[in-house]
Amino acid sequence: MSDHVKRLFRHLSLDLSPLRESRDYRLLFVSGVITMFGTFVTMVAVPYQMKELTGSYLAVGLVSLAEFVPMVVCGLWGGAIADAMDRRKIIVLSELGLLVTSAILMVNALLPNPQVWVLYVMGAVSTGVACLQRPSMEAVFQQVVKHEQQGAAAVLASLRWNFGAIVAPALGGLLVTSLGVAVAYGADAVTFVLSLVLLWRIRSLRPAEDAAPASLKSLVEGVRYAVGRSDLMGTYLVDIAAMVFAMATALFPFLADELRAPQALGLLYSAGAVGALIASLTGGWAARVQRQGLGVIIAAALWGVAVALTGLAPNVWLVFVCIALAGAADMVSGIFRMTMWNQTIPPELRGRLAGIELLSYASGPMLGNARASLMANFGGTRFSLSAGGLLCVGAVLALAAALPKFRRYDARTDEHALAEKARREMAV
């Protein structure tokens, strides 16, 4: 093998140092693999069950809309408590709450006449609990992983997510069509039990002694910090625009029917994760990129192009390829965004900023699925996909032009990245 090829493999290969060097990161990583597995099974089961109960585009899209308010409120509050309380405690208690919601969905599915309102209510409650947990989970990575390993940790986090996102939707599609949605919800509940065993072993992760108590004032402080940094605002706004205009997973049950391949429903849900997994496995290069802002812009635009092409694809396999390309682009964008956040945000604000980040990457898909459903009502599934993808490209390019500091961000010269690196070196 030539030296050139060897260098190429080293450039693409994964950096496993965060897993080797941090016990707590290993526990969080494995726990994440397990819970993502169950969560993605339920992600297939809920819209499928809603479609079976109602047969309505709008009813399926409203599942995401019902989750929006608890996501906003709990995401922001979760960020505040992540900076003020023991993050391990928050994570464990939230995991227990998610176990309860999965159990309730299972019981409802076992009823002779499952109630539609339970899907809306439990969807909202589980989203609220998950959003209370997520800022603590995001902030913990900054505590348990070295500064110079944050890029590698972001790639590994994407790999963990994709493992569940590929296997679980395919299994979820098989479970709901062959064994029923109750089995899918039961599998999700079991994953939370296993995850709790691992999370219990993580060391206590207490806040700083002078940490601000969780309050409206502390939330405002976090928002003010984010708004004052246009590079951070770029990561939020570009992702929101990309998801609002091009996210359309709520259409997958209908798209599978139009393709005359209802058995391929799980395949459609897995396609994006297949592309994202390939991007993660070959993502060693992404951890070495220093112009992350420009990387986010390019990746988000490519995501829109791939979704637009999905609306034109004539068969299941071409649809699969287009969705996979979209998933790869979205994952690369996520790696760059996570690296920017963990390398530049002060630790005393990390939880609150993680709450704001959650709003950016969670509100977009929720609103995007609602948008996709409404557009499909007027013009059909294909129109919704292609028009949404083109709108995404236009919105991303407009934001890139409006936010020059974000577009020009460079980790080697950015004042915030350099300050955080110096702080960590002094702490060591």
Expected output: side-chain [X] to main-chain [Y] donor-acceptor under 3.5 Å:
X    : Y    : answer
R26  : L19  : yes
R87  : V140 : no
S22  : P18  : no
T310 : A306 : yes
R352 : L219 : no

| request: Evaluate the criterion side chain to side chain contact (heavy atoms under 4.5 Å, CB included) for residue pair Q49 and V176; output intermediate values, then yes/no. | output: CA-CA 8 Å; Q49 187 179 17; V176 299; over 6 Å; no
pair [X]-[Y]: side-chain heavy atoms closer than 4.5 Å:
X    : Y    : answer
V63  : P47  : no
Y225 : E221 : no
V223 : V227 : yes
N315 : F320 : no
L93  : V129 : no
D24  : R203 : yes
V30  : Y25  : no
C322 : W317 : no

| field | Criterion side chain to side chain contact (heavy atoms under 4.5 Å, CB included) on T344 and L232, from CA distance to verdict | value | CA-CA 9 Å; T344 68; L232 285 184; 4.3 Å; yes
Working to the nearest 0.5 angstrom, can you tell me the gap between [X] [atom1] and [Y] [atom2]?
X    : Y    : atom1 : atom2 : answer
F29  : I34  : CZ    : CD1   : 11.0 Å
T35  : L199 : OG1   : CG    : 7.5 Å
I91  : L28  : CD1   : CG    : 6.0 Å
L309 : L325 : CG    : CG    : 8.5 Å
M106 : L111 : CE    : CG    : 11.0 Å
L119 : M50  : CG    : CE    : 4.5 Å

| said: Applying salt bridge (charged side-chain N to carboxylate O under 4.0 Å, His left out), can you list everything that pairs with D86, at least two apart in sequence or on another chain? | reply: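 D86 satisfies salt bridge (charged side-chain N to carboxylate O under 4.0 Å, His left out) with no other residue.
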| remark: With sequence neighbours left out, the residues meeting salt bridge (charged side-chain N to carboxylate O under 4.0 Å, His left out) with R229 are D231
Residues forming a side chain to side chain donor-acceptor pair (under 3.5 Å) with [X], sequence neighbours excluded:
X    : result
S384 : R371
T42  : D188
N108 : none
T235 : W341

Suppose the criterion is side-chain hydrogen bond (donor to acceptor under 3.5 Å, both in side chains): which pairs have a residue in [range], not counting sequence neighbours?
range            : answer
residues 290-308 : none
residues 90-99   : E95-Q133, E95-S195
residues 248-262 : T249-N369, E258-T381

| task | Quick one: list whatever passes ring-ring contact (aromatic ring centres under 6.0 Å, His included) with F406, sequence neighbours left out. | result |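 Here no residue qualifies.
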| Residue list, ring-ring contact (aromatic ring centres under 6.0 Å, His included) with F254, at least two apart or on another chain |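 Residues passing ring-ring contact (aromatic ring centres under 6.0 Å, His included) with F254: Y57.
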| field | L96 and V92: CA distance, side-chain angles, deciding distance, side chain to side chain contact (heavy atoms under 4.5 Å, CB included) verdict | value | CA-CA 6 Å; L96 183 60; V92 169; 5.9 Å; no
How far apart are the closest heavy atoms of [X] and [Y], and which atoms are they?
X    : Y    : answer
A300 : C392 : O-SG, 3.8 Å
I356 : G222 : CD1-O, 3.8 Å
L259 : P314 : CD2-O, 4.1 Å
Y48  : V181 : CD2-CG1, 4.0 Å
L198 : S31  : CD1-N, 3.7 Å
S126 : T101 : CB-OG1, 3.6 Å

| Do we see a donor-acceptor contact under 3.5 Å between the side chains of S386 and R382? | no
| said: By the definition side chain to side chain donor-acceptor pair (under 3.5 Å), identify the one residue from R350, R134, R337 that meets it with E357. | reply: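 Passing option: R350.
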| query | Q115 and Y120: side chain to side chain donor-acceptor pair (under 3.5 Å), yes or no, with the steps? | reply | CA-CA 9 Å; Q115 299 298 303; Y120 288 121; over 6 Å; no
| side chain to side chain contact (heavy atoms under 4.5 Å, CB included) between Y409 and H416: does it pass, once the steps are laid out? | CA-CA 11 Å; Y409 172 87; H416 303 287; over 6 Å; no
| field | Contact list for residues 33-45, test salt bridge (Lys or Arg N to Asp or Glu O under 4.0 Å), sequence neighbours left out | value | none
| query | Heavy-atom count around R201 CZ within 6.0 Å, excluding the residue itself: above 12? | reply |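 For R201, atom CZ is not crowded (no more than 12 foreign heavy atoms under 6.0 Å).
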